[in-house]
Q: 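Take this structure first; my questions come after.
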2 protein chains.
Amino acid sequence: MLEQRKDHLEARARVLKAMAHPSRLFIIEELDKEERCVCDLTAMIGADVSTVSKHLSVLKQAGLVLDDKRGNQVFYRLRVPCILNFFGCVESVLESRAREHSAYLKAVGK
Amino acid sequence: MLEQRKDHLEARARVLKAMAHPSRLFIIEELDKEERCVCDLTAMIGADVSTVSKHLSVLKQAGLVLDDKRGNQVFYRLRVPCILNFFGCVESVLESRAREHSAYLKAVGK
DNA sequence: TGGCTATTTGGCTAAATTGCCAAGTAAATA
DNA sequence: TATTTACTTGGCAATTTAGCCAAATAGCCA
């Protein structure tokens, strides 16, 4: 595999990896609606603040969100607005699986 | 967070996680061009066959690929054709980061 | 049948991830 | 200044992941 292609694949993989966690997907969906401070997100997710803060730093590190400190709160927002359209395909994977699974159940007679 | 929403986020996260590895992204790109047997992919990636086989089983488990045994070879293909368009957004994240980084370097005078 | 070739699986170790608590920093307010 | 609120960071234990080798399975062919 060419070195350049490898670098590119690694860059893409890092972005996907940053998104590949339920709480981080939740954050992305919420930030798509409006910017939020850490405290809001923490309340919605229901985990420790430190945990949410670390999730946010993963997203920031990957270039998915931007932060903005105002007073003693830190507000996060999406850096790239397209992220949610992005999920059309993930959905079709899930639907394809669901269809196949129910066809299977039918075939087995359940 | 509602239980149903949580389940949905977990399902999406599983798909993304399966994609979030350079070798697996490589496999997805190659399978988008044409179906391939494990031996082809192994030669292209340059890792142990067992490693490639495990990557393929991750993709299969996530519902991203289908396998088809013919003779003593197993051919894999994408289950969902949209996966590559899917990357438009990942690219824009990467480009956004690159732009910002070079603006930073310019500001610092490098 | 015996020996190839292709693939998967088990087992192991090293490394990364997750989540909590505790401690530290920074801004607002009493 | 002392306290409170908001957030980040360090550190730890439990879990998961990645990659290799070795062994097992399955299909082909001499």
Side-chain angles (χ1 to χ4, degrees), chain A residues 1 6-7 9-28 30-31 34-78, chain B residues 1 6-7 9-28 30-31 34-78:
Chain A
M1 204 192 307
K6 198 179 163 209
D7 290 347
L9 291 168
E10 283 170 0
R12 283 183 169 190
R14 274 192 292 276
V15 174
L16 289 173
K17 202 166 170 184
M19 300 175 73
H21 185 286
S23 297
R24 295 197 291 266
L25 289 179
F26 176 86
I27 291 169
I28 289 171
E30 290 306 312
L31 296 187
E34 56 186 322
E35 66 167 18
R36 290 288 195 180
C37 64
V38 181
C39 53
D40 284 348
L41 294 167
T42 298
M44 292 187 271
I45 291 172
D48 195 89
V49 203
S50 68
T51 300
V52 174
S53 177
K54 278 176 185 169
H55 282 311
L56 286 164
S57 93
V58 169
L59 292 172
K60 184 181 167 184
Q61 174 71 27
L64 291 160
V65 302
L66 293 170
D67 59 339
D68 181 20
K69 181 156 195 172
R70 297 206 290 275
N72 59 354
Q73 291 181 307
V74 178
F75 290 87
Y76 282 86
R77 63 180 191 279
L78 290 190
Chain B
M1 205 192 306
K6 198 179 163 207
D7 290 348
L9 291 169
E10 282 169 0
R12 284 183 167 190
R14 274 192 293 275
V15 174
L16 290 173
K17 202 167 169 181
M19 301 174 73
H21 186 286
S23 298
R24 294 198 291 266
L25 289 179
F26 176 87
I27 291 170
I28 289 171
E30 290 307 312
L31 297 186
E34 58 187 320
E35 66 168 17
R36 291 286 194 180
C37 64
V38 182
C39 52
D40 284 347
L41 294 168
T42 298
M44 293 188 270
I45 291 171
D48 195 89
V49 204
S50 67
T51 301
V52 174
S53 176
K54 279 175 184 171
H55 282 310
L56 287 164
S57 94
V58 169
L59 292 172
K60 184 181 168 185
Q61 174 71 28
L64 290 160
V65 303
L66 292 170
D67 58 340
D68 181 21
K69 181 155 195 172
R70 296 206 290 274
N72 60 354
Q73 291 180 306
V74 179
F75 290 86
Y76 282 86
R77 62 179 192 279
L78 289 191

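Below, all heavy atoms of this structure are taken into account, side chains as well, without hydrogens, waters or symmetry copies. A, B, ... follow the sequence lines: proteins, then strands. Residue 1 opens every chain.
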Q: Start at the 5' end of DNA chain C and walk down; is the nucleotide closest to B/Lys54 or to B/Phe75 reached first?
A: B/Phe75
Q: Can you measure A/Gln61 atom CD to C/dT17 atom P for me and round it to whole angstrom units?
A: 11 Å
Q: Give the rounded distance in Å between these two atoms: CZ of A/Arg14 and P of C/dA16.
A: 13 Å
Q: Treat primed atoms plus P, OP1 and OP2 as sugar-phosphate and everything else as base, then score nucleotides 22-30 of chain C 5' to 3': B for base contact with protein heavy atoms under 4.0 Å, S for sugar-phosphate contact only, - for none.
A: B---SSS--
Q: Check the distance between C/dT18's P and A/Leu59's CG and give it to me in whole angstrom.
A: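 The answer, rounded to whole Å, is 11 Å.
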Q: Return the value, rounded to whole Å, for the distance between atom NZ of B/Lys17 and atom C1' of C/dT17.
A: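 About 8 Å, once rounded to whole Å.
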Q: Map B/Val58 and A/Ser57 onto DNA chain D by nearest heavy atom, then report which one ends up closer to the 5' terminus.
A: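 This one resolves to A/Ser57.
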Q: Within the structure provided, determine whether A/Gln73 and A/Val38 are in side-chain contact (heavy-atom separation under 4.5 Å).
A: no
Q: Does any pair with a residue in residues 13-28 of chain A pass side-chain hydrogen bond (donor to acceptor under 3.5 Å, both in side chains), and if so which ones, sequence neighbours excluded?
A: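 Every pair satisfying side-chain hydrogen bond (donor to acceptor under 3.5 Å, both in side chains) with a residue in residues 13-28 of chain A: A/Arg24-A/His55.
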Q: Reading 5' to 3' and counting Watson-Crick or G-U wobble pairs with both distances under 3.5 Å, write the dot-bracket notation for DNA chain D, | for bases paired outside the strand.
A: ||||||||||||||||||||||||||||||
Q: Given C/dT17, is OP1 or OP2 found less than 4.0 Å from the side-chain N or O atoms of A/His55?
A: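 So the side chain of A/His55 is outside the cut-off, no N or O lying under 4.0 Å from OP1 or OP2 of C/dT17.
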Q: Between C1' on C/dC20 and CD1 on A/Ile45, what's the gap in Å once rounded to a whole number?
A: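 For the pair A/Ile45 CD1 and C/dC20 C1', the rounded distance is 15 Å.
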Q: Under 3.5 Å, side chain of A/Ser53 to main-chain N/O of A/Val49, donor-acceptor pair present?
A: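 Answer holds: no.
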Q: Side chains of A/Met44 and A/Asp40: closer than 4.5 Å at any heavy-atom pair?
A: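 Contact flag for A/Met44/A/Asp40 side chains = yes.
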Q: Measure the CG-CD1 distance between B/Leu59 and B/Ile28 for me, rounded to the nearest 0.5 Å.
A: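 Answer rounded to 0.5 Å: 5.0 Å.
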Q: Grab the CG-P distance between B/Asp67 and C/dT7 for me, whole Å please.
A: 11 Å
Q: Not counting sequence neighbours, which residues clear side chain to side chain donor-acceptor pair (under 3.5 Å) with B/Asn72? List them please.
A: none
Q: For B/Tyr76 and C/dA6, is the shortest distance between a side-chain N/O and OP1 or OP2 below 4.0 Å?
A: no
Q: Write down the distance between CG (B/Leu41) and P (C/dA6), rounded to a whole number of angstrom.
A: 14 Å
Q: If only side-chain N and O atoms of B/Ser53 are considered, is one of them under 4.0 Å from the OP1 or OP2 phosphate oxygen of C/dT8?
A: yes
Q: Grab the CZ-C1' distance between B/Arg36 and C/dT7 for me, whole Å please.
A: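 Rounding to the nearest Å, CZ of B/Arg36 and C1' of C/dT7 are 17 Å apart.
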Q: About how many Å separate CZ of B/Arg36 and CG of B/Leu56, when rounded to the nearest 0.5 Å?
A: 12.5 Å
Q: What is the distance from atom CD of B/Glu34 to atom CZ of B/Phe75, rounded to the nearest 0.5 Å?
A: 10.5 Å
Q: Above 12 or not: heavy atoms from other molecules or residues under 6.0 Å from CD of B/Gln61?
A: no
Q: Find the distance between CE (A/Met1) and CG (A/Asp7) and round it off to the nearest 0.5 Å.
A: 11.0 Å
Q: Which two nucleotides bound the region of DNA chain D that has atoms under 4.0 Å from heavy atoms of chain A, read 5' to 3'?
A: D/dT5 to D/dG11
Q: Kindly indicate whether the side chain of B/Leu64, heavy atoms from C-beta on, has any atom under 4.5 Å from the side chain of B/Leu31.
A: no
Q: Which pairs pass side-chain hydrogen bond (donor to acceptor under 3.5 Å, both in side chains) with one or both residues in residues 62-71 of chain A, sequence neighbours excluded?
A: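 As it turns out, the side-chain hydrogen bond (donor to acceptor under 3.5 Å, both in side chains) pairs with a partner in residues 62-71 of chain A, which skip direct neighbours, are A/Glu35-A/Arg70, A/Lys60-A/Asp67, A/Asp68-A/Arg70.
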